[in-house]
J.: 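The structure follows.
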Amino acid sequence: MRIKADTEVCIGAGMCVFTAGDVFDQDEDEGTVVVLLPEPPPDRHAAVRRAVQVCPSGALSISENA
């Protein structure tokens, strides 16, 4: 799994951080998403999928082919 984040689309809602705080963070200045683990370990895949689903702006996507 590989995570893609479009910071131009991100609105800084922070739902990804609430859902998987060990994988996502927010930029201190802009508040936009920062991906801490672009290729998260398998035990975090479910949380990452939830984070992608709850992202209100659609800024996050995943590719299953890392």
Side-chain angles (χ1 to χ4, degrees):
M1 169 186 283
R2 181 160 187 81
I3 302 168
K4 295 181 182 177
D6 187 341
T7 57
E8 297 295 319
V9 174
C10 178
I11 60 172
M15 296 304 294
C16 55
V17 178
F18 289 123
T19 306
D22 56 336
V23 179
F24 300 100
D25 199 355
Q26 288 180 274
D27 180 86
E28 289 187 25
D29 295 325
E30 301 293 325
T32 55
V33 63
V34 174
V35 180
L36 301 174
L37 297 173
E39 295 183 18
D43 67 328
R44 303 306 300 145
H45 287 189
V48 170
R49 286 187 182 95
R50 281 194 302 276
V52 171
Q53 290 173 342
V54 299
C55 177
S57 65
L60 298 174
S61 62
I62 53 176
S63 169
E64 295 296 336
N65 300 324

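Keep in mind that this is a model prediction, so the values were computed, not measured. Numbering of residues begins at 1 and proceeds along the displayed sequence. The analysis underlying the following values was restricted to heavy atoms, covering all of them including side chains, and did not include hydrogens, waters or symmetry mates.
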J.: Looking only at heavy atoms, what is the nearest atom pair of Leu60 and Ala5, with distance?
T.: CD2-CB, 3.7 Å
J.: As an exercise, state the distance from CD of Gln26 to SG of Cys10, rounded to the nearest 0.5 Å.
T.: 7.0 Å
J.: Please enumerate all residues that pass salt bridge (Lys or Arg N to Asp or Glu O under 4.0 Å) together with Arg44, with sequence neighbours excluded.
T.: Asp22
J.: Report the distance from atom CZ of Arg50 to atom NE2 of His45, rounding to the nearest 0.5 Å.
T.: 12.5 Å
J.: Using the rule that two of Ile, Leu, Val, Met, Phe, Trp, Tyr join whenever any of their side-chain heavy atoms come within less than 4.5 Å, decide whether Met15 and Val17 are in one cluster.
T.: no
J.: Can you name the closest pair of heavy atoms from Pro56 and Ile11 and give their distance?
T.: CG-CD1, 4.0 Å
J.: What pairs of residues pass the side-chain hydrogen bond (donor to acceptor under 3.5 Å, both in side chains) test when at least one of them lies in residues 3-12, not counting sequence neighbours?
T.: none
J.: Might you point out which heavy atoms bring Ile62 and Glu64 nearest each other, and give the distance in Å?
T.: CD1-OE2, 3.6 Å
J.: Measuring from Met1:CE to Leu37:CG, what's the distance to the nearest 0.5 Å?
T.: 12.0 Å
J.: What I'd like to find out is whether the side chain of Phe24 reaches to under 4.5 Å of the side chain of Ile3, using heavy atoms alone.
T.: yes
